[in-house]
Amino acid sequence: MKAFITSIGEPTTNLCIWSLKRNGFKTVLLDDPKQSLADKLAKRYEMADDDFIRVDADVIPNENLTLPIIAQQCTNPDVWWWQFMTYDWYKQDLTHGGVQYIKKEA
């Protein structure tokens, strides 16, 4: 599955990419500073040929990312867009974070 990483130059970008590759994702970095977020989002839809995830570059995913995706694909085929909860180090709390599973149909 492809993982599109959206970056504005976060220092954690390479660590995010490394973690996603380690967990079996094919990564595509969208980090052109001349592009707006809307342009980056449009570009990922143009490049997506199947279900994918979108990850903010300040998120360091671990192996728990793959289990909910597999469960979602198997149990609820009607959900096309699913946003994950992430742990925000700065807030020291769980929050709706920068990881989404998006089906091709969306």
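- Among residue pairs with one or both ends in residues 4-23, those qualifying as ring pair (Phe, Tyr, Trp, His ring centres under 6.0 Å) are Phe4-Phe52; sequence neighbours excluded.
- Ring-plane geometry between Tyr101 and Trp82 is classed as perpendicular, the angle between the planes exceeding 60 degrees on a 0 to 90 degree scale with a lower cut at 30.
- Under the 4.5 Å side-chain heavy-atom criterion for Ile, Leu, Val, Met, Phe, Trp and Tyr, Val99 and Val28 are members of distinct hydrophobic clusters.
- Hydrophobic clustering, with ILVMFWY side chains joined whenever heavy atoms are under 4.5 angstrom apart, groups Leu29 together with Phe25.
- Atom CG of Leu41 is surrounded by more than 12 heavy atoms from other residues, nucleotides or ligands within 6.0 Å.
- Shown here is Lys2, whose NZ atom has more than 12 heavy atoms of other residues, nucleotides or ligands within 6.0 Å.
- Atom OH in Tyr87 sits 8.0 Å away from atom CG in Leu94 (nearest 0.5 Å).
- Distance check: Asp32 CG to Asp39 CG gives 9.0 Å after rounding to the nearest 0.5 Å.
- Residues Ile8 and Leu15 do not share a hydrophobic cluster, defined by chaining ILVMFWY side chains whose heavy atoms lie under 4.5 Å apart.
- Separating the CG atom in Asp31 from the CD atom in Glu10 is a distance of 9.5 Å, to the nearest 0.5 Å.
- Closest approach of Asp51 and Lys103 over heavy atoms only: OD1-CA, 3.3 Å.
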Verdict with reasoning, Met47 to Leu30, per side chain to side chain contact (heavy atoms under 4.5 Å, CB included): CA-CA 11 Å; Met47 298 172 69; Leu30 303 173; 4.2 Å; yes
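- Taken from OG in Ser19 to CG in Asn14, the straight-line distance is 12.5 Å, to the nearest 0.5 Å.
- Although no hydrogens or angles enter the test, the distance criterion places no donor-acceptor pair under 3.5 Å between the side chain of Asp56 and the main chain of Asp58.
- Closest approach of His96 and Thr86 over heavy atoms only: C-OG1, 4.4 Å.
- Here the closest heavy-atom approach between residue Lys40 and residue Ser7 is recorded as NZ-O, 2.8 Å.
- The shortest heavy-atom contact between Arg54 and Thr6 is NH1-OG1, 3.7 Å.
- Using a 4.5 Å heavy-atom cutoff, the side chains of Thr95 and Met85 are not in contact.
- Using a 4.5 Å cut-off on side-chain heavy atoms (C-beta onward), Ile53 and Gln100 make no contact.
- Shortest non-hydrogen contact noted between Cys16 and Val55 is SG-CG1, 3.7 Å.
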Output, in order, the C-alpha distance, side-chain angles, deciding distance and verdict of side chain to side chain contact (heavy atoms under 4.5 Å, CB included) for Leu65 and Asn23. CA-CA 8 Å; Leu65 175 64; Asn23 284 290; over 6 Å; no
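- In this structure, Leu20 and Pro61 approach most closely via the heavy-atom pair CD2-CG, 3.6 Å.
- Between Met1 and Asp50 there is no side-chain heavy-atom pair separated by less than 4.5 Å.
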